[in-house]
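First up is the structure itself, then whatever we jot down about it.
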Amino acid sequence: WIKDFASNPAKQAKAHRLPETLMNAAQVILAREGANCKPRKGEIMTALRMGVAAMQSAILFRASPVRSTNIRFARYRGDGAEFALDARLKKVRFQVPGASVKNGADIDEIADDDLMPIYEWYISVVRRRLIENHPFGAENNHVDSDFLFPSTSGKPMGKSEFAANFRRGCCEISFDMEMHQARHVCTYWILSIDPNAWSEAAALLGDKEATIRKYYAWLDLRKASDAGRKKLREARTARARHRKGDFTDAA
């Protein structure tokens, strides 16, 4: 999947704008509520799924490409909230203690500025709608807990629902990607900018450098192959250039 992604510039461009694309698509549907052409319940639910996916992808691409469990259990308010607005910095900060991370390393990242519009819209529109006015009726309303991604039980959103929201939300805009693949996208972006940034990629993903090298050695091979082919083309061009010589040379 990531090798296909690496050879598809259009898909790469779409991934960079994925949170905004999902948010905009959801907003188009939600804006039709109250109009003469009122969207069906299923359409509203589709918009909310895209809204959840917009927030998930914003965290992965604009804050930290952490594992899905760390996003699913993140709280956005209350003491010790993992994903919350830092009043001093006026930015969203994502903090997870090492005890809750697979490799045992603390996560402490300041989200990029362009995450904020997604975050504010998700909290005020999507999350609130899931809690107060679920499209499939009050019996499906989620509980207003401290979790960024709520559920009907007051616990974090269930694992299968969480993954399905992301996958189905992305598919609605013709972008087929699962959450774990987003981590691969981040790794590819880092190494495509700097082929030697193995340690940086490992640190951002909370993984071992040896693991990153193991699964992304093909990037080195592809770059080496591309460089080799470039030299072959240069050799052909140089050989084909007109060169002055005597009659013997021409023969």
Side-chain angles (χ1 to χ4, degrees), residues 1-32 39-72 74 83 92 94 109 111-127 129-130 135 148-149 157-193 201 204-205 207 212 215-216 218-219 222:
W1 185 91
I2 195 63
K3 288 182 179 179
D4 173 69
F5 180 86
S7 60
N8 192 331
K11 197 167 187 177
Q12 293 171 33
K14 197 168 187 177
H16 278 297
R17 297 290 299 170
L18 188 61
E20 287 81 8
T21 303
L22 286 161
M23 180 176 71
N24 294 339
Q27 288 175 327
V28 168
I29 296 174
L30 296 176
R32 287 163 39 204
R40 296 187 297 272
K41 293 178 180 179
E43 291 178 288
I44 297 297
M45 192 65 237
T46 293
L48 296 180
R49 286 195 189 99
M50 287 193 287
V52 171
M55 188 70 254
Q56 292 168 320
S57 60
I59 294 173
L60 289 163
F61 294 154
R62 313 280 170 83
S64 179
V66 296
R67 292 173 175 83
S68 61
T69 299
N70 294 124
I71 300 177
R72 192 164 62 89
F83 192 84
V92 172
F94 193 20
E109 300 286 349
D112 296 338
D113 290 342
D114 51 2
L115 175 141
M116 187 61 73
I118 310 294
Y119 174 77
E120 292 176 338
W121 170 76
Y122 169 78
I123 293 294
S124 63
V125 177
V126 177
R127 191 179 184 280
R129 182 63 186 270
L130 288 170
L148 182 63
F149 298 97
M157 186 176 287
K159 185 176 181 180
S160 59
E161 180 186 1
F162 191 73
N165 276 326
F166 185 82
R167 178 72 182 276
R168 293 174 67 178
C170 289
C171 285
E172 287 294 332
I173 58 167
S174 302
F175 193 87
D176 191 3
M177 180 172 69
E178 297 179 359
M179 285 200 74
H180 76 275
Q181 290 170 329
R183 285 169 56 83
H184 291 288
V185 168
C186 292
T187 307
Y188 167 75
W189 279 338
I190 293 168
L191 296 176
S192 66
I193 295 297
L204 190 62
L205 268 70
D207 220 328
I212 302 297
Y215 288 106
Y216 285 88
W218 59 271
L219 269 175
R222 176 174 288 184

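The first residue of the sequence shown is numbered 1, and numbering continues consecutively from there. Note: hydrogens, waters and symmetry copies are ignored here, and every other heavy atom, side chains too, is used.
- Residues Ala201 and Ile212 come closest through the heavy atom pair CB-CG2, 4.3 Å.
- The minimum heavy-atom distance between Pro39 and Ile44, with the atom names listed, is CG-CD1, 3.5 Å.
- Taking 4.5 Å as the limit, some side-chain heavy atom of Ile59 sits within range of a side-chain heavy atom of Leu148.
- Contact check for Phe94 versus Val66: side-chain heavy atoms found under the 4.5 Å cut-off.
- At a threshold of 4.5 Å between non-hydrogen side-chain atoms, the residues Gln27 and Leu30 do not count as touching.
- Closest heavy-atom contact between Phe175 and Ala15: CZ-CB, 3.8 Å.
- The only member of Trp189, Tyr216, Trp1 that meets side chain to side chain donor-acceptor pair (under 3.5 Å) when paired with His184 is Tyr216.
- Once rounded to the nearest 0.5 Å, the distance linking CE of Met45 with CZ of Arg40 reads 15.0 Å.
- Looking at heavy atoms from C-beta onward, Met55 lies out of side-chain contact with Val126 at the 4.5 angstrom threshold.
- Between Gln56 and Phe162, the closest side-chain pair of non-hydrogen atoms falls below 4.5 Å.
- The distance from atom NZ of Lys11 to atom CG of Leu18, rounded to the nearest 0.5 Å, is 11.0 Å.
- The backbone N or O of Asp4 sits nowhere less than 3.5 Å from a side-chain atom of Asn8 that would complete a donor-acceptor pair.
- In this structure, the side chain of Arg72 does not engage the main chain of Phe149 through any donor-acceptor pair within 3.5 Å.
- Here the side chain of Arg183 pairs a donor or acceptor atom with the backbone of Pro65 at under 3.5 angstrom.
- Rounding to the nearest 0.5 Å gives a distance of 6.0 Å between OG1 of Thr46 and CD1 of Ile29.
- Val185 places none of its side-chain heavy atoms less than 4.5 Å from the side chain of Leu60.
- Between Asp112 atom CG and Ser64 atom OG the span is 11.0 Å, to the nearest 0.5 Å.
- By the neighbour-count criterion of 12 heavy atoms within 6.0 Å, atom CZ of Arg168 is sparsely surrounded, having that number or fewer from other residues, nucleotides or ligands.
- Partners of Arg67 by salt bridge (charged side-chain N to carboxylate O under 4.0 Å, His left out), not counting sequence neighbours, listed by chain and number: Asp207.
- The two residues Met179 and Ser68 come nearest to each other via the heavy atoms SD-CB, 4.1 Å.
- To the nearest 0.5 Å, atom SG of residue Cys171 and atom CZ of residue Arg49 are 11.5 Å apart.
- Aromatic ring orientation, Tyr188 versus Phe5: perpendicular (interplanar angle above 60°, classes split at 30° and 60°).
- For the residue pair Ile173 and Ala25, the shortest heavy atom distance occurs at CG2-CB, 4.0 Å.
- Proximity of Asp176 to Arg167: side-chain heavy atoms (C-beta onward) are separated by under 4.5 Å at one or more points.
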N/O donor-acceptor pairs under 3.5 Å from side chains in residues 114-121, not counting sequence neighbours:
none

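- Nearest heavy atom pair, residue Pro19 against residue Ala54, reads O-CB, 3.6 Å.
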Report task. Go through the steps for Leu48 and Val52 under the test side-chain contact (heavy atoms from CB on, under 4.5 Å), then give the verdict. Result -> CA-CA 6 Å; Leu48 296 180; Val52 171; 5.6 Å; no

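- With a 4.5 Å cut-off on side-chain heavy atoms, Glu109 and Val92 do not count as touching.
- Between the OG atom in Ser57 and the CE atom in Met50 there is a gap of 12.0 Å [rounded to 0.5 Å].
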Report task. Under the side-chain contact (heavy atoms from CB on, under 4.5 Å) rule, what do Phe61 and His16 come out as? Steps first, then yes or no, please. Result -> CA-CA 8 Å; Phe61 294 154; His16 278 297; over 6 Å; no

